[in-house]
Number of protein chains: 2
Amino acid sequence: MTYEEFKRRFDVSREALCREILAANRDAIRIKKENTVVKNLAKIVEATLKISNRLGFQAMSMRTLSREAGLSMGGLYAYFAGKQEIMDMLRRQLESTVSRVFAQCLKDAMPPGVQLQTAIETHLHLSEAMRGWFYFAYMETKQMNRREREGAMAAELNTEKIFVDILKAGQQTADFCPRDPYLTAGVIKAVLQDWYLKRWKYARRNITVDQYAAFAVDWVETFVREPCSGADT
Amino acid sequence: MTYEEFKRRFDVSREALCREILAANRDAIRIKKENTVVKNLAKIVEATLKISNRLGFQAMSMRTLSREAGLSMGGLYAYFAGKQEIMDMLRRQLESTVSRVFAQCLKDAMPPGVQLQTAIETHLHLSEAMRGWFYFAYMETKQMNRREREGAMAAELNTEKIFVDILKAGQQTADFCPRDPYLTAGVIKAVLQDWYLKRWKYARRNITVDQYAAFAVDWVETFVREPCSGADT
DNA sequence: GTCTATATACGGATAGAC
DNA sequence: GTCTATCCGTATATAGAC
């Protein structure tokens with residue numbers, strides 16, 4: 001799948017995501033008119049990601065946020081209980097979107113090689129479409145309260161587990177050579193994350209997400225298919 | 001080289017590093033007695049890394065830092081002009097240490113395959129010995145002022161260039177197959193960085209740095225030596 | 001060389017007008 | 001549904017005692 005096809009198939013526009021945020025937080029939000037909420041949530045989300053990803057979430061003051069979002073301080077607080085709540089909303093929405101899209105893309109019937117390629121492409125496409133969200137979640141994880149942080153660590157291990165399961169399945173069918181599936185999945189994730197963590201570098205070099213995906217798939221396939229030389233963990 | 005050998009060969013203890021920080025900032029530090037300075041710098045550095053890496057540099061207040069370091073608020077300011085200066089000192093010291101160690105480990109006379117392995121191992125060993133510094137520099141880069149941030153980006157590209165040069169040299173001697181050296185170096189860096197960014201994960205699984213290094217070398221070697229199948233960038 | 005006490009500014013959050 | 005005005009805690013930084 002190319003990135004263009006991905007975008008046609010999945011709606012991850014800010015509006016669609018904010019509509020889901022509203023649905024998930026209906027009782028915490030004091031404003032009643034749905035269109036107003038979605039419109040303002042979109043402004044809040046955009047401003048939060050923009051400021052946080054440049055300076056860090058801690059460094060973003062509610063005053064700065066209100067100015068950037070075009071709402072007053074008092075107005076902001078109609079949409080969440082406190083600053084921390086903004087971060088939690090964003091993280092929860094990202095997690096739910098990721099798991100939904102993966103569930104729709106990966107089918108058990110696919111052979112392991114196809115699954116591997118699909119999972120890599122899907123992750124890259126998602127993180128390209130929701131770059132700000134991914135970067136935010138990655139960088140701000142450590143500032144979460146304990147419960148949320150454990151959720152984020154679980155999410156990390158969860159995505160990893162998708163790859164671990166594919167690798168194990170491929171080894172059983174002898175599509176892949178036996179190699180530690182946890183270490184392999186770990187480096188695959190590292191390569192996928194580099195795409196949104198170092199976006200400036202790839203933009204500067206005019207690498208598209210499809211080019212990066214092709215390279216990543218080639219790299220991973222080469223490794224999992226090549227007979228092991230000897231000592232690995 | 002194993003990690004034990006690395007540690008015997010290079011002194012990257014906090015004391016040695018703080019002695020270098022002192023040398024580099026002699027006129028900015030108001031205290032004269034060298035031993036006092038080194039001892040207190042060590043406490044400040046340790047406390048800064050500890051708190052920042054848990055909560056973020058922004059979230060670390062000077063009060064918290066003074067309590068953790070065992071110095072008073074006023075006392076702290078004898079060692080730097082402001083909070084921002086602490087971050088700059090740490091980043092500069094890390095950069096200087098990294099470039100010194102790499103210069104000592106990599107020799108032009110080595111064949112490309114050996115250089116590649118050495119560079120991977122050196123990076124992992126360094127980041128293992130100075131885990132807190134690497135993590136700090138990575139996570140707090142975006143909060144730096146413009147000049148420092150550009151320095152950090154240059155440092156990132158610099159380390160990458162080490163690998164790019166090795167890969168190009170190896171392709172010329174036909175040790176390695178032709179593949180985009182920039183993309184290849186990029187994913188190698190991503191894998192190396194994962195070691196210190198996800199330390200908790202590897203600790204939980206009892207993976208040692210030597211095991212990770214062996215795996216990373218195997219992975220990279222497999223890719224650069226395997227003839228290309230076809231389409232890559 | 002280090003501490004206590006304080007100046008000054010800015011943070012998150014809310015009450016109540018419109 | 002949104003804004004203005006304000007509360008109060010905490011931030012960085014410094015002055016001056018010891």
Side-chain angles (χ1 to χ4, degrees), chain A residues 18-19 21-22 25-45 47-48 51-52 54-90 140 143-145 148, chain B residues 18 21-22 25-45 47-48 51-52 54-90 140 143-145:
Chain A
C18 287
R19 214 168 279 283
I21 291 180
L22 167 57
N25 299 273
R26 199 53 202 99
D27 17 348
I29 296 174
R30 286 207 302 272
I31 315 297
K32 292 299 153 213
K33 272 171 64 183
E34 178 162 329
N35 280 346
T36 307
V37 176
V38 172
K39 183 189 59 160
N40 282 338
L41 273 182
K43 290 198 282 191
I44 294 171
V45 167
T48 301
I51 303 171
S52 294
R54 197 159 30 103
L55 306 168
F57 183 76
Q58 277 278 351
M60 175 187 79
S61 76
M62 295 302 279
R63 279 173 177 74
T64 319
L65 176 60
S66 80
R67 209 177 317 126
E68 180 80 31
L71 284 166
S72 69
M73 284 279 290
L76 278 182
Y77 278 87
Y79 294 89
F80 39 77
K83 191 184 174 185
Q84 176 68 39
E85 187 64 27
I86 305 179
M87 186 155 81
D88 299 346
M89 275 186 349
L90 286 173
E140 310 301 344
Q143 309 183 15
M144 292 167 176
N145 59 51
E148 290 283 335
Chain B
C18 287
I21 291 180
L22 167 58
N25 299 271
R26 196 57 205 94
D27 17 348
I29 295 173
R30 286 207 301 273
I31 314 298
K32 292 298 152 212
K33 276 172 60 181
E34 178 161 331
N35 280 346
T36 307
V37 176
V38 172
K39 185 191 60 169
N40 282 339
L41 273 182
K43 290 198 282 192
I44 292 170
V45 167
T48 301
I51 303 172
S52 294
R54 197 157 30 98
L55 306 168
F57 183 75
Q58 275 277 350
M60 175 187 80
S61 76
M62 296 302 279
R63 280 176 175 74
T64 320
L65 176 61
S66 80
R67 209 178 316 128
E68 181 79 32
L71 284 165
S72 70
M73 285 276 292
L76 278 182
Y77 278 87
Y79 293 89
F80 38 76
K83 190 184 173 185
Q84 177 68 36
E85 187 65 24
I86 306 178
M87 187 155 80
D88 299 346
M89 278 186 346
L90 287 172
E140 310 299 345
Q143 308 183 17
M144 292 169 178
N145 59 49

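The structure displayed is predicted, hence computed values, not measured ones. Note on naming: letters A, B, ... go to the chains in the order of the sequence lines (proteins, then strands), and numbering restarts at 1 for each one.
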Does a side-chain N or O from A/Tyr77 land closer than 4.0 Å to OP1 or OP2 of C/dA13, or not?
-> yes
Assign each of A/Phe57 and B/Leu76 to its nearest nucleotide of DNA chain C by heavy atoms, then name whichever residue's nucleotide is nearer the 5' end.
-> B/Leu76
From the options D/dT2, C/dG12, D/dA11, select the nucleotide whose nearest atom is closest to the side chain of B/Arg63.
-> D/dA11
Nearest of D/dA11, C/dG12, D/dG1 to any side-chain atom of A/Lys33?
-> D/dG1
Measure from the side chain of A/Lys32, starting at C-beta and using heavy atoms only, and say which of C/dG1, C/dT14, D/dG1 lies closest.
-> D/dG1
Among D/dG1, C/dG1, D/dA5, the nucleotide that comes nearest once only the side chain of B/Thr36 is considered | C/dG1
Which heavy atom in A/Cys18 sits nearest to a heavy atom in A/Val38, and how many Å separate them?
-> CB-O, 4.1 Å
Between C/dG11 and A/Ser61, is there an OP1 or OP2 to side-chain N/O distance shorter than 4.0 Å?
-> yes
So what does B/Tyr79 touch, heavy atoms closer than 4.0 Å: a base, only the sugar-phosphate, or nothing?
-> sugar-phosphate
Name the residue closer to the 5' end of DNA chain C, choosing between B/Gly74 and B/Arg30 according to the nucleotide with the nearest heavy atom.
-> B/Arg30
Nearest to the side chain of A/Met73 - D/dT12, D/dA5, D/dT2?
-> D/dA5
Check the pair B/Phe80 / B/Ile29 against side chain to side chain contact (heavy atoms under 4.5 Å, CB included), numbers first and verdict last.
-> CA-CA 6 Å; B/Phe80 38 76; B/Ile29 295 173; over 6 Å; no
Calculate the interatomic distance between B/Ile31 atom CD1 and C/dC3 atom P; express it in whole Å.
-> 10 Å
Exam field: side chain A/Thr64 to backbone A/Met60, donor-acceptor pair closer than 3.5 Å | no
Could you state the atom-to-atom distance from CE of B/Met60 to P of D/dA13 in whole Å?
-> 11 Å
Taking only the side-chain heavy atoms of A/Lys83 (C-beta and beyond), determine which of D/dT2, C/dT2, C/dA13 contains the nearest atom.
-> C/dA13
Does B/Ile86 reach the side chain of B/Leu65, with side-chain heavy atoms less than 4.5 Å apart?
-> yes
Counting side-chain heavy atoms from C-beta on, which of C/dC3, C/dA13, D/dT2 comes nearest to B/Leu71?
-> C/dC3
Measure from NZ or CZ of A/Lys83 to the centre of the six-membered ring of A/Phe57 and say whether it is under 6.0 Å with the direction within 45° of the ring axis.
-> yes
